[in-house]
Amino acid sequence: MKKLPRKFYTRSTLRVAKELLGNYLIVKIGRKKLTGKIVETEAYVGPNDKASHAYLPPRLRKFPGEGKITCRNKTEYLEGGHIYIYLCYGMYWQFNITTAKEGKPECVLIRALEPSIKQKKQDANTQKLANGPGKLCRWMRLDKSFDGEDLTKSKRIWVAQELKIKRGQIAAAKRIGIDYAKEWAKKPWRFYIKNNPFISKK
DNA sequence: GTACAGATTGAG
DNA sequence: TCAATCTGTACT
């Protein structure tokens with residue numbers, strides 16, 4: 001099983017968001033391994049994107065392309081292939097994978113996973129185990145301790161390469177929960193595998 | 001310091 | 001429809 005290499009992640013965010021679909025996120029917890037196929041993602045594309053944590057109005061920028069940096073989002077600026085994870089609504093972790101070059105605050109939010117066959121045999125309700133960004137983190141026990149970790153080097157979390165999903169199998173739609181971002185909320189930057197029963201419900 | 005909203009979820 | 005309750009921002 002081959003890990004996705006650095007080169008995969010350092011490309012454009014929209015491309016990475018689409019091509020992550022179908023690959024496997026693997027997390028080691030003690031001796032156990034949890035595996036889930038990535039079936040739904042969302043792209044967040046940096047300082048210009050009003051829905052991004054790095055959004056900074058142009059009038060506040062000291063130099064072109066400057067993004068907002070806070071204690072929470074600083075790992076978003078790492079080179080593609082690192083983890084940006086943060087607490088949402090005070091309760092749920094949101095797991096993101098950084099993209100593009102170091103210094104560019106762009107990332108892909110992983111919104112849903114399809115648990116492995118093995119997992120389906122063990123759990124009665126796999127359909128609802130990871131069909132939402134907060135739920136997949138709860139299932140895989142992802143938290144702040146993973147913030148900034150390198151997916152191409154880590155011994156406890158990585159993405160295994162699978163056969164590419166065909167273009168016709170991928171659907172694009174509006175991102176969820178960001179209506180405050182006005183025109184940016186309409187961009188079709190949520191991607192998911194068509195007819196997959198494990199994607200999040202709106 | 002206070003007030004409020006947010007890349008969510010599950011219960012009622 | 002609502003509340004759980006951390007983080008960041010805009011105000012007092």
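In what follows, chains are A, B, ... by sequence order, proteins preceding strands, each numbered from 1. Keep in mind that what you see is a predicted model, and the values were worked out from it rather than measured.
Listed here is the closest heavy atom pair of A:Ile170 and A:Ile165: CG1-CG2, 3.8 Å. Across all their heavy atoms, A:Gly148 and A:His82 have their closest contact at O-CD2, 3.4 Å. When all heavy atoms of A:Arg156 and A:Ser145 are compared, the closest pair comes out as NH2-O, 2.8 Å. Nearest heavy-atom pair, A:Ile199 versus A:Asn131, reported as atom, atom and distance to 0.1 Å: O-CB, 3.8 Å.
Looking at A:Thr99 and A:Thr13, their side chains do bring a donor and an acceptor atom within 3.5 Å of each other. With hydrogens and angles left out, the side-chain atoms of A:Glu76 and A:Asn96 include no donor and acceptor closer than 3.5 Å. The closest side-chain donor-acceptor pair between A:Asp147 and A:Thr75 falls under 3.5 angstrom. Remark: the A:Tyr84 side chain and the A:His53 side chain contain an N/O donor-acceptor pair separated by less than 3.5 Å.
Taking atom CG of residue A:Leu109 and atom C1' of nucleotide B:dT8, one finds them 11 Å apart after rounding to whole Å.
When DNA chain C is scanned in the 5' to 3' direction for atoms under 4.0 Å from non-hydrogen atoms of chain A, the outermost contacting nucleotides are C:dA4 to C:dT9.
Using a 4.0 Å heavy-atom distance criterion, A:Arg111 is classed as a sugar-phosphate-only contact. Counting any heavy atom pair closer than 4.0 Å across all strands shown, A:Glu42 reaches no nucleic acid atom.
For the pair A:Arg111 and A:Glu42, the salt-bridge criterion is met [side-chain N within less than 4.0 Å of a carboxylate O]. Here A:Arg138 does not pair with A:Asp143 in a salt bridge; the nearest charged N to carboxylate O distance is not below 4.0 Å.
For the P atom pair drawn from B:dG12 and C:dT5, the interatomic distance equals 16 Å after rounding to whole Å.
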Pairs: protein N or O with nucleotides 10-12 of chain B N or O, under 3.5 Å:
residue, atom, partner, partner atom, Å
B:dG10, OP1, A:Arg138, NH2, 2.8
B:dG10, OP2, A:Lys135, NZ, 3.1

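With sequence neighbours excluded, the residues forming a salt bridge (charged side-chain N to carboxylate O under 4.0 Å, His left out) with A:Arg6 are A:Glu79, A:Asp150, listed by chain and number.
Remark: DNA chain B forms stems of 3 or more consecutive Watson-Crick or G-U wobble pairs, all pair distances under 3.5 Å, at B:1-6 with C:6-11, B:8-11 with C:1-4.
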### Message
As a quick check of understanding, evaluate salt bridge (charged side-chain N to carboxylate O under 4.0 Å, His left out) for A:Lys37 and A:Glu162, giving each step before the final call.
### Response
CA-CA 9 Å; A:Lys37 182 160 80 171; A:Glu162 255 302 311; over 6 Å; no

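For the contact set between residues 58-87 of chain A and DNA chain C, defined by any heavy atom under 4.0 Å, the members are A:Lys68, A:Thr70, A:Cys71, A:Arg72, A:Leu87.
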Run the side-chain donor-acceptor check on residues 62-71 of chain A: report pairs under 3.5 Å with partners two or more places apart or on a different chain.
residue, atom, partner, partner atom, Å
A:Glu66, OE1, A:Lys62, N, 2.6
A:Thr70, OG1, A:Arg72, N, 3.3
A:Thr70, OG1, A:Asn73, N, 3.2
A:Thr70, OG1, A:Asn73, OD1, 3.4

